[in-house]
Amino acid sequence: MSPPARLGVFGDPVEHSRSPVFHNAALRAAGIDASYVKIHVPPEKAAAAFRALPQAGFIGANVTIPHKAAALEAMDEADDYARRSGSVNTVVVQGERLLGFNTDGPGLVRAIREEFSVDLRDLRVILLGAGGGAGRAIAVQCAMESCERLVLVNRTLEKAQALAAELAPSFRSDRLVGPVERLQVIGFEEAALREQLAHADLIINTTSVGMRRTDAPLIPPSLLTPNLMIYDTVYASGRTRLLDDASAVGARCANGLSMLLHQGALSFEIWFDRAAPLDVMRGALMEEEV
Ligand code: ATR
């Protein structure tokens, strides 16, 4: 008999979610009598579905697209990062109360350390797609880490400008003033990208552009140089165009699988207050990848 469903991921759609595979492996390895399921919830039912978690005997849940912002609304309490990023991806049931966290930003920090052996806070970051939910969560993480530089790149400039206004206090500091502003907003124009890439270490893509081979390049390949690190949060199998172009010039590249893994491991740590069996989770994820 399989263990009772006491954890799950809320999404719409949710069929594609890879979380059950590695969370169930982790639960088995840790000897926890619970299983992790996919829960398809349309937007109009999301609030009620969160409220039903205590009654259903759940330990907690993960939240994916498009419910992360609604999840924050449905929580009784949320931590500072979840509130600032405007989204919750991890719910803890505490009696009748719902506590919200977001492990996406901290998961990215761990992924960057694992992939490139550097800390996000030491990097000059170019963030592509600063207008979406994922972009916002990463920008807030960069601000909370007070990373060296942050350049918000977005097609709709106003969205990135509004975000920059919010984050500005984190980038005002006594640090030695460098040749360029620590926080900037640009569009996808080639000249602006060229100028900013000269003062950057890491490019993070949070847009879905590049998943289809026919997509136009987000960044002209001629602007990519071998000193750059490129992290694409997309983790669909196969490489995105950006990663292909970057590895062709010898830049270090990674896709979003490591962020997926680490945000999941951090959720496990929050639910069970113990270290996650990371190797087991990684193994389960890789096995599915083959
Ligand atoms: P969410 O993550 O909240 O679901 P989204 O609509 O999927 O949002 O968009 C995510 C990000 O990808 C946004 O920054 C979006 O840019 P806009 O703010 O200008 O809409 C970006 N994006 C989507 N399609 C794009 C494209 N073809 N070129 C450039 N950026 C794009």
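First listed ligand is number 1; within each ligand, the first listed atom is number 1.
- For ligand 1, the atoms lying closer than 4.0 Å to a non-hydrogen atom of Gly131 are 13 (C), 14 (O), 18 (O).
- Note on Arg194 versus Glu189: no salt bridge recorded, every NZ/NE/NH1/NH2 to OD/OE distance being 4.0 Å or above.
- Of the protein's non-hydrogen atoms, the one nearest atom 17 (P) of ligand 1 is Thr156 OG1, 3.4 Å.
- Distance check for atom 1 (P) of ligand 1: a protein heavy atom is found below 4.0 Å.
- Protein heavy atom at the shortest distance from atom 21 (C) of ligand 1 is Thr207 CG2, 3.6 Å.
- For atom 4 (O) of ligand 1, the nearest protein heavy atom lies 4.0 Å or farther away.
- Between Glu166 and Lys159 there is no salt bridge, since none of the side-chain N atoms of the basic residue sits less than 4.0 Å from a carboxylate O of the acidic one.
- A side-chain donor from one of Ser258 and Tyr231 sits under 3.5 Å from a side-chain acceptor of the other.
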**Request:** Carefully, step by step, assess Tyr81 and Phe101 under the rule ring pair (Phe, Tyr, Trp, His ring centres under 6.0 Å).
**Result:** CA-CA 7 Å; Tyr81 173 64; Phe101 301 84; over 10 Å; no
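- Under a 4.0 Å N-O distance rule, the pair Asp12/Lys45 does not qualify as a salt bridge.
- The contact set between ligand 1 and Lys159, taken as ligand atoms under 4.0 Å from a residue heavy atom, comprises 17 (P), 18 (O), 20 (O).
- Under 4.0 angstrom from ligand 1, the non-hydrogen atoms of Asn154 all belong to its side chain.
- Below 4.0 Å from some heavy atom of Gly133 lie the following atoms of ligand 1, by number and element: 1 (P), 2 (O), 3 (O).
- Under 4.0 Å is where a charged nitrogen must lie from a carboxylate oxygen, and between Asp215 and Arg241 no such pair does.
- The shortest contact between atom 24 (N) of ligand 1 and any protein heavy atom is with Arg155 NH1, 3.5 Å.
- Using a 4.0 Å cut-off between charged nitrogen and carboxylate oxygen, Glu77 and Arg97 count as a salt-bridge pair.
- Considering only non-hydrogen protein atoms, atom 28 (N) of ligand 1 sits nearest to Val209 CG2, 3.8 Å.
- For ligand 1, the atoms lying closer than 4.0 Å to a non-hydrogen atom of Gly129 are 14 (O).
- The pair Asp33-Arg6 fails the salt-bridge criterion, with no side-chain N (NZ, NE, NH1 or NH2) lying under 4.0 Å from an Asp/Glu carboxylate O.
- Here the shortest heavy-atom distance to atom 11 (C) of ligand 1, taken over Ala130, Gly86, Gly132, belongs to Gly132.
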